[in-house]
Amino acid sequence: MAAPTVTVAGPAGERAEVPAGATVADALAELGLRKGQIVVAKADGELVDLDAPVDGGEVLEPVPADTDEGRHVLRHSVAHVMAQAVTDLFPEAKFAIGPPVADGFYYDFDVDRPFTPEDLAAITDRMHEIIRENQAFRRRELSVDEALEVFADQPYKREIIEQAAAGESTDEAAGDAAPGAAISVYENVRPDGTVWPDLCRGPHLPTTKWVPAFELQRVAGAYWRGRNDNPMLQRIYGTAWESKKALKAHLHRLEEARKRDHRVLGRDLDLLSFPEELGTGLAVWHPRGGVVRQAMEDYARDEHARRGYESVYTPHIGKSHLWETSGHLEFYAESMYPPIEMDERAGGHTDAYYPKPMNCPFHVLVYKSRTRSYRELPLRLFELGTVYRYELSGVVHGLLRARGFTQDDSHLFCAPEQVVEEAQGIIDFTLDLYRDFGFTDGPSRVALSTRPEKAATVGSDEGWAAAEDALRRALDASGLEWVTDEGEGAFYGPKIDFQITDAIGRAWQLTTVQVDFNLPERFDLSYVGADGAQHRPMMIHRALFGSLDRFFAILLEHYAGAFPTWLAPVQAVVVPIADRHAAYGHEVAAALGARGLRAEVDDSDETMGAKIRKHQVGKVPYQLIVGDDEVEAGTVAVRPRVGEQRKGVPLATFTDDLATEVAERHPPQA
RNA sequence: GCCGGGAUAGCUCAGCUGGCAGAGCAGCCGCCUUGUAAGCGGCAGGUCAGGGGUUCGAAUCCCCUUCCCGGCUCCA
């Protein structure tokens with residue numbers, strides 16, 4: 001007697017009859033969909049194990065290993081293999097969570113001593129053994145009590161189970177248990193029949209042998225559940241891929257990203273350095289970096305002036321009373337440098353001067369310097385303001401996270417009814433700026449950040465609502481897609497944050513636009529309206545680059561050091577073929593210099609092959625080769641950093657072309 | 001700040017269980033006078049991050065400090 005059958009379908013409408021109780025893998029085969037390296041499947045859109053039984057009626061879709069979802073499952077499975085290897089080698093280890101993450105996975109362990117590089121090698125070896133043993137990933141559904149029994153000596157697992165049992169949502173990143181559902185456990189079945197269980201939602205590879213390629217990368221500390229009052233666990237990071245080739249390609253990409261590191265390029269291209277003598281998070285800019293930075297500053301000054309901003313200059317330190325009034329000492333003190341105590345007064349009282357972490361109180365003082373009329377609004381005060389923030393030593397990272405940096409900072413003082421229009425103007429400005437610096441796709445993420453918990457006592461509910469609404473209206477008018485980040489606002493007001501994505505796909509936070517109705521109250525700001533009465537202005541804080549230093553670093557990494565010509569420290573190098581061409585070379589450079597272009601002559605004692613290599617490696621946009629032919633004809637041989645050489649270009653033609661390219665801020669050639 | 005790993009010439013790195021500090025590149029000098037990604041030779045360059053300790057003897061082992069790297073927390 002034939003077994004009863006059920007019907008399954010494929011995503012394109014394929015249909016097949018399979019015996020009741022058949023596995024997903026068999027059903028996919030019957031549908032003709034089990035082709036290539038399939039690691040898991042989707043049933044009606046939900047990821048399921050290949051050896052899960054089909055119910056009948058579902059739509060099945062194969063998930064290949066070389067897809068995001070396929071790799072996700074693969075990495076999750078390798079995380080289990082690693083955890084088993086660790087518990088085999090360190091029986092006392094308590095394991096916490098081990099999810100897949102972008103490009104890899106990690107697992108957190110509570111162990112008596114930190115893992116050493118030698119430990120990682122041993123764990124890797126044990127993982128290879130486990131993979132060779134072809135251990136099945138066997139799914140079981142347990143009651144809460146059964147699960148607590150299985151993990152009797154695993155306190156972190158028990159905590160997750162108990163939380164799930166209580167119906168509290170668990171950390172999604174943990175991926176280990178779904179609230180309310182039965183507790184699912186995956187058991188790796190060893191050759192001797194014993195099992196290594198892990199709490200897990202799944203799904204997983206069918207067996208460990210399906211792991212094609214992995215590598216353990218590093219050990220790091222991580223707080224349990226990410227809270228710094230919890231114990232610190234030892235986290236092992238690794239990566240896993242669908243093939244050895246894909247793993248190798250990934251490691252190669254990491255190497256390429258490392259070469260783009262602005263700290264490495266900054267040194268190699270002689271742009272800037274971080275002298276140990278200076279201190280953590282503090283950079284010095286060399287002349288070549290200074291050229292780029294000055295081009296950025298010139299851009300900022302010109303564009304702000306054109307858009308009705310007025311330049312102001314303010315000092316780097318201010319008295320404690322100012323920071324009390326502004327609220328910084330109450331809400332921001334842990335990020336501020338300690339004060340300079342000075343000027344002892346009668347009675348032993350001293351004044352404390354704090355280096356500024358923000359420019360806003362100073363711009364408020366400019367506003368407050370006299371009575372303001374509604375006719376002056378909006379008043380847009382602009383400053384390249386250098387600020388100092390006492391970042392925790394562990395977070396400092398080159399220019400991307402420095403302790404001293406310069407913002408292209410503005411504070412706009414306006415009437416409440418002007419806020420939306422001003423915010424729109426800032427958004428337009430921002431989009432223009434991204435385009436001019438080569439991020440032609442615009443922002444990759446725009447978010448409205450709303451009132452944070454720490455601001456519960458700051459301002460009124462109505463004030464926050466009005467400010468958030470103004471930003472919402474400006475965003476809607478911009479036509480940009482945007483999302484809301486609840487509770488991520490500044491302590492004085494909601495904000496819009498813009499992110500851009502660089503050439504290798506990394507997202508960076510740049511621009512921030514913040515509406516503030518609190519500082520005007522704290523400083524009792526006012527203007528005289530048309531009605532002759534006193535009114536309270538609103539403030540908008542905004543920085544478009546965010547930080548000049550940080551934006552410079554992002555540009556450097558985005559362009560891998562090959563700046564667009566308008567920003568390049570040296571725009572053209574003249575390479576004379578022999579000594580007798582040096583005089584003409586200097587004429588060429590002088591002609592370019594007379595047009596405000598940055599040109600140098602390499603009249604060193606090297607062969608021209610060596611010179612060309614040097615400047616190619618140095619990312620100079622154009623090399624101008626001059627020999628007998630060029631001297632004779634008054635031309636240059638133009639060797640662009642990318643693309644074909646053009647011989648016999650009249651000097652005047654090249655000069656005009658280069659001047660145009662710079663004036664129009666052309667992006668670099670691919 | 002917390003966890004781990006580091007620091008040898010300007011850069012990249014070698015220097016083994018403690019026993020005379022090295023190489024390549026960069027720099028400087030000289031030769032070569034060059035037609036499209038590294039010509040040849042020479043010279044110079046070090047408080048082995050700083051301080052303390054163990055030892056007959058420390059770049060090497062131990063402790064502290066500084067700085068860096070990778071994470072966690074945080075953020076422009």
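Quantities reported herein were computed from a predicted structural model and do not represent experimental measurements. Just so we're on the same page: letters track the sequence lines, and every chain starts at 1.
Stacking is not found between A:F545 and the pyrimidine-like six-membered ring of the B:A76 base under the 5.5 Å centre-distance and 30° plane-angle cut-offs.
A:E391 contributes a side-chain N or O that forms a donor-acceptor pair with the base of B:A76 under 3.5 Å.
Phosphate proximity of B:C68 to A:T280: present, with a side-chain N or O under 4.0 Å from OP1 or OP2. Residue A:S393 has a polar side-chain atom (N or O) positioned under 4.0 Å from OP1 or OP2 of B:G1. Using a 4.0 Å cut-off, some side-chain N or O of A:R267 falls inside it from OP1 or OP2 of B:U12. The side chain of A:R403 places no N or O atom within less than 4.0 Å of a non-bridging phosphate oxygen (OP1 or OP2) of B:C74. Put simply, A:R113 has no side-chain N or O that comes within less than 4.0 Å of OP1 or OP2 on B:C3. Remark: A:K495 is in phosphate contact with B:A76, judged by side-chain N or O atoms under 4.0 Å from OP1 or OP2.
The aromatic rings of A:H328 and A:F491 stand perpendicular to each other, their planes meeting at an angle above 60°, with 30° marking the opposite boundary.
The residue A:Q407 sits apart from the nucleic acid: no heavy atom pair falls under 4.0 Å. Using a 4.0 Å heavy-atom criterion, one finds that A:G609 contacts the sugar-phosphate atoms exclusively. Residue A:R235 is in sugar-phosphate contact alone, with no base atom involved, counting any heavy-atom pair closer than 4.0 Å across all strands shown. At a threshold of 4.0 angstrom between heavy atoms, the contacts of A:R580 are confined to the sugar-phosphate backbone, with no base atom among them.
Pair assignment for B:C2: B:G71, on the basis of Watson-Crick or G-U wobble contacts that are both within less than 3.5 Å. Within the shown strands, B:G24 is the pairing partner of B:C11 under the Watson-Crick or G-U definition, both distances less than 3.5 Å. Base pairing analysis places B:G46 opposite nothing; no Watson-Crick or G-U wobble pair with both distances below 3.5 Å involves it. The pairing partner recorded for B:G39 is B:C31, the criterion being a Watson-Crick or G-U wobble arrangement whose two distances lie under 3.5 angstrom.
Counting heavy atoms from C-beta on, the side chains of A:L384 and A:D408 come closer than 4.5 Å. Put simply, the side chain of A:T386 reaches to within 4.5 Å of the side chain of A:Y388, judged on heavy atoms.
A straight line from CZ of A:R646 to P of B:U36 spans 19 Å, rounded to a whole angstrom. In this structure, the OH atom of A:Y223 is 11 Å from the P atom of B:G4, given to the nearest Å. Between the NZ atom of A:K611 and the P atom of B:A37 there is a distance of 14 Å, rounded to whole Å.
Nucleotides B:A14 and B:G24 have their C1' atoms positioned 11 Å apart, rounded to a whole Å. When the P atom is used for both B:C61 and B:G45, the distance is 28 Å, rounded to whole Å.
In terms of position on RNA chain B, the residue among A:A220 and A:T607 whose nearest nucleotide sits closer to the 5' end is A:T607.
Annotation: cation-pi geometry satisfied between A:R235 and A:Y106 (NZ/CZ under 6.0 angstrom from ring centroid, within 45° of ring axis).
The residues A:E391 and A:R401 are annotated as salt-bridged, a charged nitrogen and a carboxylate oxygen being separated by less than 4.0 angstrom.
Comparing B:A76, B:G35, B:C72 by their closest approach to the side chain of A:D629 singles out B:G35.
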